[in-house]
Asks: 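Submitted below is the structure of interest, expressed as structure tokens.
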Amino acid sequence: MESMNENAGAVLQESKVVIYLSVAAKIVVYVFLILGFAAAFAFLAGDLLALVPALAQNGALELIVQESCFLAGVLVAAFILLRWWDRLPFSDLGLSVKGRLKDFLWGTFAAFALYGIGFGVLYLSGEIKITGVQWDGANLLLMWIFMLLVAVTEETALRGFVLGRLLNAGVNRFMALFISAALFSLLHIFNPNFSLIAFLNILLAGLMLGASYIYTRNLWFPIALHLFWNWLQGPVLGFEVSGGQFGNTLLSLELPEKNIINGGAFGFEGSVVCTALMIIMTVIILKSASRQSSCDPCPHSAPEPGHAGE
């Protein structure tokens, strides 16, 4: 009997390895498909920009076109793999909008709360100074659209596809969350002024953004949080966004000293104040999503480890 149990355990373990290798291969294929399709769409967009020179001369519009190409690549690649590899509907990504307005509003509120507190702490402590205010409504709107495209692109790819496939494979939800967050952070390693604290904070951002998804399997809370996180950080408040600058900003900031308190040249995401706030917010999101999930089980909840093949 003991031998039979050992054999069954070995078979189960081997089955898990095969499943995990399969999902790893799927993610690798997904990345290559994204790059291929995004390049093809960018080639077509280049022809469009050539026909309409005014688009190419507007930096914000050009960014929007480029990000639209990348989003198209993300969505087409996901559709192909879901349809012909997983035999699942496109809705499995978690982009369904039905009944999700509340999630979007809570994600928006979370971003405003984080930056309201974070900016307030840095300003009152003298770590940042406001040197000017410049209203450019058109640029703020265009950058909001761009940040929306970025949020949908990255959340669909990293949370909807990568995290979703890991959960479907039966990976422990918290391990799956960590893996997807680590990949999210690694995607930023070539950003300007990247550092160890920046890596840690973007890893924490990935945990925060994916915290609700492991329970709800819907993307609209993290999309809203991601959108307003980036938009408030850069175009509104005047920080760099993950080390990058995006044209005119509502507020012009001066850093008396570039350090890990104010984030320096990487922006607020390089700040230890950001670290503390994201840890707190992630705990709040996890507790809230877990409590709601236990009260109202989601029909698309992730399978528990060991049940991937059922």
Side-chain angles (χ1 to χ4, degrees), residues 63-64 67 71 100 103-123 128 139-160 163 177 180-181 183-185 187-188 191-194 197-213 218-247 249-251 253 262-286 288-289:
L63 285 173
I64 288 172
E67 193 62 32
L71 174 58
R100 294 296 174 175
D103 291 350
F104 191 87
L105 293 176
W106 275 114
T108 302
F109 172 78
F112 273 87
L114 283 165
Y115 271 99
I117 296 171
F119 188 86
V121 168
L122 293 179
Y123 181 75
I128 56 174
N139 184 70
L140 285 172
L141 175 60
L142 290 174
M143 293 311 300
W144 186 90
I145 294 171
F146 170 68
M147 295 304 183
L148 173 62
L149 292 170
V150 170
V152 176
T153 298
E154 295 186 359
E155 293 311 306
T156 300
L158 272 299
R159 257 61 69 178
L163 179 53
L177 178 60
S180 65
L183 290 174
F184 179 62
S185 189
L187 289 176
H188 294 78
N191 286 28
N193 303 301
F194 195 77
I197 185 68
F199 175 83
L200 173 62
N201 278 352
I202 296 179
L203 174 66
L204 288 171
L207 295 175
M208 179 178 68
L209 290 166
S212 68
Y213 184 83
N218 188 274
L219 291 171
W220 288 107
F221 176 89
I223 284 174
L225 176 52
H226 198 154
L227 158 62
F228 284 99
W229 174 275
N230 284 343
W231 188 67
L232 289 172
Q233 180 178 194
V236 175
L237 297 177
F239 290 103
E240 284 81 2
V241 181
S242 302
Q245 296 180 336
F246 295 94
T249 60
L250 178 63
L251 300 183
L253 298 182
N262 57 38
F266 196 74
F268 186 65
E269 292 166 353
S271 164
V272 292
V273 175
C274 177
T275 308
L277 289 175
M278 285 194 295
I279 291 173
I280 294 169
M281 181 59 73
T282 302
V283 172
I284 292 172
I285 294 171
L286 283 171
S288 176

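Position 1 is the first residue of the sequence; numbering continues from there. None of the values given here were measured: they were computed from a predicted structure. These values consider heavy atoms only, across backbone and side chains, with no hydrogens, waters or symmetry-generated copies.
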Asks: Ignoring hydrogens and angles, write down the donor-acceptor pairs under 3.5 Å from the side chains of residues 142-153, residues two or more places apart or on other chains.
Replies:
unit_1: Thr153; atom_1: OG1; unit_2: Glu67; atom_2: OE2; d: 3.3
unit_1: Thr153; atom_1: OG1; unit_2: Leu149; atom_2: O; d: 2.7

Asks: Residues two or more places apart in sequence or in another chain: which of them pass side-chain contact (heavy atoms from CB on, under 4.5 Å) with Ile285?
Replies: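 Applying side-chain contact (heavy atoms from CB on, under 4.5 Å) to Ile285 gives Met208, Ala211, Ser212, Phe221, Leu225, Met281.
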Asks: Using the side-chain hydrogen bond (donor to acceptor under 3.5 Å, both in side chains) criterion, which residues pair with Asn191? Sequence neighbours excluded.
Replies: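 Partners of Asn191 by the side-chain hydrogen bond (donor to acceptor under 3.5 Å, both in side chains) criterion come out as none, since no residue qualifies.
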Asks: For residues 103-112, which residue pairs pass the salt bridge (charged side-chain N to carboxylate O under 4.0 Å, His left out) check, not counting sequence neighbours?
Replies: Arg100-Asp103
Asks: Can you tell me how far the CG atom of Leu200 sits from the CG atom of Leu204, to the nearest 0.5 Å?
Replies: 4.5 Å
Asks: To check you understand the geometry: which heavy-atom pair defines the closest contact between Ser271 and Val273, and what is its length?
Replies: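 For Ser271 and Val273, the tightest heavy-atom pair comes out as OG-N, 3.0 Å.
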Asks: Quick check: do Phe104 and Leu227 have side-chain heavy atoms less than 4.5 Å from each other?
Replies: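 Yes. Closest side-chain heavy atoms under 4.5 Å.
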Asks: Using 0.5 Å steps for rounding, measure from the CG atom of Asn262 to the CG atom of Leu122.
Replies: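 Taking CG in Asn262 and CG in Leu122, the distance rounds to 6.5 Å.
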Asks: Please collect all salt bridge (charged side-chain N to carboxylate O under 4.0 Å, His left out) contacts where either partner lies in residues 140-155, sequence neighbours excluded, each pair once.
Replies: Glu155-Arg159
Asks: With sequence neighbours excluded, tell me which residues meet side-chain contact (heavy atoms from CB on, under 4.5 Å) with Ala276.
Replies: none
Asks: Once ring-ring contact (aromatic ring centres under 6.0 Å, His included) is applied, do any residues pair with Trp229, and if so which ones, sequence neighbours excluded?
Replies: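 Counting only residues at least two positions away or on another chain, Trp229 forms a ring-ring contact (aromatic ring centres under 6.0 Å, His included) with Tyr115.
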Asks: Measure the shortest side-chain to side-chain distance between Trp220 and Trp106 over non-hydrogen atoms and say whether it is less than 4.5 angstrom.
Replies: no
Asks: Please output the side-chain donor-acceptor pairs of residues 236-244 that fall under 3.5 Å, not counting sequence neighbours, one pair per line with the distance.
Replies:
unit_1: Glu240; atom_1: OE2; unit_2: Gln245; atom_2: NE2; d: 3.2
unit_1: Ser242; atom_1: OG; unit_2: Glu269; atom_2: OE1; d: 2.5

Asks: If you take all heavy atoms of Gly210 and Leu163, which pair is closest and at what distance?
Replies: O-CD2, 4.1 Å
Asks: Please examine the side chains of Val121 and Leu277, heavy atoms only from C-beta on, and report whether any two atoms are closer than 4.5 Å.
Replies: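 Answer no - side chains too far apart.
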Asks: Would you say Phe268 and Leu114 make side-chain contact, with heavy atoms under 4.5 Å?
Replies: no
Asks: Look up atom CD1 in Ile197 and atom CD1 in Ile202, then write down how far apart they are to the nearest 0.5 Å.
Replies: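 Separation between the atoms: 10.5 Å.
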Asks: Is there side-chain contact between Phe119 and Leu253, with at least one heavy-atom pair below 4.5 Å?
Replies: yes
Asks: When rounded to the nearest 0.5 angstrom, what distance separates CG in Leu209 from CG in Leu158?
Replies: 9.5 Å
Asks: So, using ring-ring contact (aromatic ring centres under 6.0 Å, His included) as the criterion, who are the partners of Phe199 when residues are at least two apart?
Replies: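 Listed in chain order: nothing, the list is empty.
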Asks: Check ring-ring contact (aromatic ring centres under 6.0 Å, His included) between Tyr123 and all other residues, then give those that pass, not counting sequence neighbours.
Replies: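 With sequence neighbours excluded, Tyr123 shows a ring-ring contact (aromatic ring centres under 6.0 Å, His included) to no residue whatsoever.
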Asks: Using side-chain hydrogen bond (donor to acceptor under 3.5 Å, both in side chains) as the criterion, list what pairs up with Asn201, not counting sequence neighbours.
Replies: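 Counting only residues at least two positions away or on another chain, Asn201 forms a side-chain hydrogen bond (donor to acceptor under 3.5 Å, both in side chains) with Thr275.
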Asks: State, to 0.1 Å, how close Tyr213 and Gly160 come at their nearest heavy-atom pair, and which atoms those are.
Replies: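 Reported closest heavy-atom pair: OH-O, 3.4 Å.
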Asks: Rounded to the nearest 0.5 Å, how far does CG of Leu177 lie from CG of Leu286?
Replies: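 The distance works out to 7.0 Å.
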